[in-house]
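Since this is a predicted model, take the numbers as computed values, not measurements. Reminder, nothing fancy here: chain letters follow the sequence lines and each chain counts from 1.
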Number of protein chains: 2
Amino acid sequence: MKDDRLSAQAPTTVTDVLNHLEASSLRLPKRLKQCAEFTRDNFHLVAVSTVSEMANASGVAPSVYVRFCQSLGFSGYSEMQTLFRAQYADQRPDYEARIAALRKEGGVETGKLMGDFIEAGHKSLVSLTNMEMSEALDRTAQGLSKARTIHLVGLRRAFCIVTNLSYLLDKLGVSSTLHFGSGILHSSNSILEDDAMFAVTYSPFSEETLRFAEEVHKKGVPVFGLSDSFACPLKDTSQEMLIAREDEVAGFRALTASISLTTALAVAIKAAQKQC
Amino acid sequence: MKDDRLSAQAPTTVTDVLNHLEASSLRLPKRLKQCAEFTRDNFHLVAVSTVSEMANASGVAPSVYVRFCQSLGFSGYSEMQTLFRAQYADQRPDYEARIAALRKEGGVETGKLMGDFIEAGHKSLVSLTNMEMSEALDRTAQGLSKARTIHLVGLRRAFCIVTNLSYLLDKLGVSSTLHFGSGILHSSNSILEDDAMFAVTYSPFSEETLRFAEEVHKKGVPVFGLSDSFACPLKDTSQEMLIAREDEVAGFRALTASISLTTALAVAIKAAQKQC
DNA sequence: GAGTAAATGGAATATTTTTTCCATTATTCG
DNA sequence: CGAATAATGGAAAAAATATTCCATTTACTC
């Protein structure tokens, strides 16, 4: 608004928009400021909301929200929304065009790669969204919260997940033990009856993890599992099974859904402990 | 279509829809099958696309796509889209209502928690989407691909990320060393001039990681950094800096964006090596 | 404190999007 | 092979959504 040269041309990336909001929100009039603040804090809603929804949520009239978009340099809400929607779409024509330059300079088309992984991440998160999993997470948290110590097991790809869980539980003051390295099976003596186990394994499932879980299960210790598929044999030894289906890019799967799920799990365990 | 009782009432979760698609897609007529298949593979697009877009992408007329939605039990496309959009929105009225039951039974409101982390995940991924980061990732991959061995450093929260990267690089046949535990500083003798370092630290930044990176940098070894903020002191010692801003839920941050970014990085490094 | 400029909200309009309808084409079954 | 049923695509109608316009309010300047 202050600088017409800047606002005359629309931002070309989401980050541009956010930076712009950060910079200009101070000297904006009341209602436009409300738009700027709400949008800054909830920018992920632009792609899936109508102007009216954004305007209501910001506490302003739809016409004001449109004017807000225009003050950012867009022709209106639709144009801004298109930018925010672009990242979800397979076809990113604009994006592709801009990447072309990179490719010519001998780049490895990394931009496309990152876009693909981001898209896969969104997909993984969407498929994580469902009631049954919420309820399973709740029961898992309840079960694990009763344990004296939670034994964390996961090898190879899954190791990163239990590593993260171990850090979080430690920070939250929940007692846990991280099992790793070869010969984890031999450590089953250290697991007592009032403990619990959280085992993670992805397809192709780790024999070692499965056998460890089985052994512990036979001792009467409750086992809780996380995997990427319902076909995981952990379901036979687990009291409760969490599934995080991860979308793949060129044969590689980022653990996006798993890390969100287990972070939520850590907080839920703590919450469940507090309640007792 | 075959069973009117089933299709008469709309699915209430995204997973319901996907399961339904899985089950019924075989015996569907040609065009509806196209809709089912495209939607199954690209369900994340429903929230951000118009019928025409979905129809075009499926290779059918808009009217056919609407009929497809109706065959799933929805009144039309709009109703189906509302379901897919719900998970992005702060206000999940329907969802909340269903969770209420859980809460009463003494649950810890875990369902809400998981929803919050999923939403935060989407947000983190959205803010990761921008050109500059794509280009920085590309340069980082190029730089690291030239190293004899990549030294991975990250403590506490960041450890999970380097752990994952270590696994991926190993699987890809790229030489790397994972540094961990106390006294990592002493291991700097093992880092040679034609190596490179990838250091990860999140706010509040780990002194140990920063000093390690600095020391290695002084030896003339290229350092590449990943953090959650531009304020990270790693930028002074790093040749290139990657930023993954993570959204928080109740003071906790899931490493959603970081894990997507580093998974893409691993693949990009391999791609860069192949090219030389 | 009056006059001017900017900001605002609601209503009217324009545009886009969804949905229904129907004529045409394909498929199934006798 | 022909009749009946189902499926399809295009176009018209309906609905929802975005945008503009303007009267009113608010803030600022002198």
Can you measure from [atom1] ([X]) to [atom2] ([Y]) and round to the nearest 0.5 angstrom?
X	Y	atom1	atom2	value
Leu265(A)	Met114(B)	CG	CE	11.0 Å
Met241(A)	Met133(A)	CE	CE	9.5 Å
Leu128(A)	Leu137(A)	CG	CG	9.0 Å
Leu242(B)	Thr140(B)	CG	OG1	4.0 Å
Asn164(A)	Ile259(A)	CG	CD1	4.0 Å

Protein and nucleotides 24-26 of chain C: nitrogen or oxygen contacts under 3.5 angstrom:
none

Protein heavy-atom contacts under 4.0 Å, written 5' to 3' over nucleotides 11-30 of chain D as B (base), S (sugar-phosphate only) or - (none), form the string ------SSBBB---------
Donor-acceptor side-chain pairing of Ser49(A) and Tyr88(B) below 3.5 angstrom: no
Checking dT8(C), dG9(D), dT8(D) against the side chain of Arg31(A) (C-beta onward), the nearest is dT8(C)
To the nearest Å, give me how far apart [atom1] ([X]) and [atom2] ([N]) are.
X	N	atom1	atom2	value
Asn56(B)	dG9(D)	CG	C1'	12 Å
Phe68(A)	dA7(C)	CZ	P	14 Å
Arg27(B)	dA7(D)	CZ	C1'	18 Å
Tyr65(B)	dG10(D)	OH	P	18 Å
Lys33(B)	dT27(C)	NZ	C1'	15 Å

Exercise. Heavy-atom count around Lys235(A) NZ within 6.0 Å, excluding the residue itself: above 12?
Worked result: yes
Applying side-chain hydrogen bond (donor to acceptor under 3.5 Å, both in side chains) to Gln34(A) and not counting sequence neighbours gives Arg31(A)
